Amino acid sequence: MPDMSKNPAKVAIVTGASQGLGDGIAAGYRARGWRVVGVSRSIEAADEHDWVTVAGDVANPDTARRAVDLACDRFGRVDTLVNNAGLFIGAAFTDYTLEQYAQMTRTNLDGFFWTCPAQMERHLLSVARFVRTAAGWCS
């Protein structure tokens with residue numbers, strides 16, 4: 001693990017970081033001097049001093065693990081995890097197909113589930129902040 005005395009910047013993982021709110025959240029952290037790992041199915045590859053990306057679906061536990069491992073290996077820790085990835089289907093809930101419902105729950109629920117345990121497992125002794133934008137809560 002890197003010597004944090006040589007790298008005092010805080011580190012955030014932001015899911016759903018390729019567009020919209022997630023892109024803005026990632027940019028906001030970077031503007032404040034944070035190092036950020038951006039995660040999204042459609043994110044462009046980046047490997048900068050304060051910005052690296054992981055392309056993948058947060059519903060896949062491997063994507064969550066890759067994001068946490070990259071943050072730890074590259075920046076030494078994770079201070080904040082912003083679970084922003086979410087899927088919105090512009091139809092009445094009663095009109096969802098089974099596939100639409102499954103796709104939404106995989107992204108919105110499974111993605112949150114897989115990302116948090118991966119983060120906590122790697123950092124049992126560190127203090128981390130989790131933010132779930134779609135659910136409107138943080139702890």
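Values in this document were obtained by computation on a predicted structure and should not be read as measured data.
- For the atom pair CH2 of Trp51 and CD1 of Ile43, the computed distance is 4.0 Å after rounding to the nearest 0.5 Å.
- Its side chain within the 4.5 Å cluster rule, Ile89 clusters with Leu87, Phe93, Tyr96, Tyr101, Met104 among the Ile, Leu, Val, Met, Phe, Trp and Tyr residues.
- For Glu44, there are no salt bridge (charged side-chain N to carboxylate O under 4.0 Å, His left out) partners, not counting sequence neighbours.
- Applying the salt bridge (charged side-chain N to carboxylate O under 4.0 Å, His left out) test to every pair with at least one member in residues 91-102, sequence neighbours left out, gives these pairs: Glu99-Arg106.
- Scanning for ring pair (Phe, Tyr, Trp, His ring centres under 6.0 Å) contacts around Trp34 gives Tyr29, with sequence neighbours left out.
- In this structure, OG1 on Thr115 lies 10.5 Å from CZ on Arg65, to the nearest 0.5 angstrom.
- Here OG1 of Thr105 is found 11.5 Å from CD of Gln100. Values are rounded to the nearest 0.5 Å.
- For Asp50, the side chain to side chain donor-acceptor pair (under 3.5 Å) criterion is met by Arg30, not counting sequence neighbours.
- Not counting sequence neighbours, the partners of Thr94 by the side chain to side chain contact (heavy atoms under 4.5 Å, CB included) test are Ala92.
- Under the side chain to side chain contact (heavy atoms under 4.5 Å, CB included) criterion, Asp57 pairs with Arg41, Ala59, Thr107, sequence neighbours left out.
- The heavy-atom pair separating Val39 from Ala67 by the smallest distance is CG2-CB, 3.6 Å.
- The CG atom of Leu81 sits 4.5 Å away from the CG atom of Asn83 when rounded to the nearest 0.5 Å.
- The heavy-atom pair separating Asn84 from Gly16 by the smallest distance is ND2-O, 3.4 Å.
- Considering Thr15, Asp69, Thr63 in turn, Thr63 is the only one that fulfils the side chain to side chain contact (heavy atoms under 4.5 Å, CB included) rule with Val54.
- Using a 4.5 Å heavy-atom threshold, the side chains of Lys10 and Arg32 count as separate.
- What you find for Ala9 and Gly33 is that their closest heavy atoms are CB-O, 3.5 Å.
- With sequence neighbours excluded, no residue forms a side chain to side chain donor-acceptor pair (under 3.5 Å) with Thr53.
- Residues Val11 and Val36 are not in side-chain contact: their nearest non-hydrogen atoms beyond the backbone lie 4.5 Å or more apart.
- Residues that satisfy the salt bridge (charged side-chain N to carboxylate O under 4.0 Å, His left out) test with Arg66, not counting sequence neighbours, are Asp62.
- Remark: Asp47 engages Arg74 in a salt bridge (charged side-chain N to carboxylate O under 4.0 Å, His left out) (not counting sequence neighbours).
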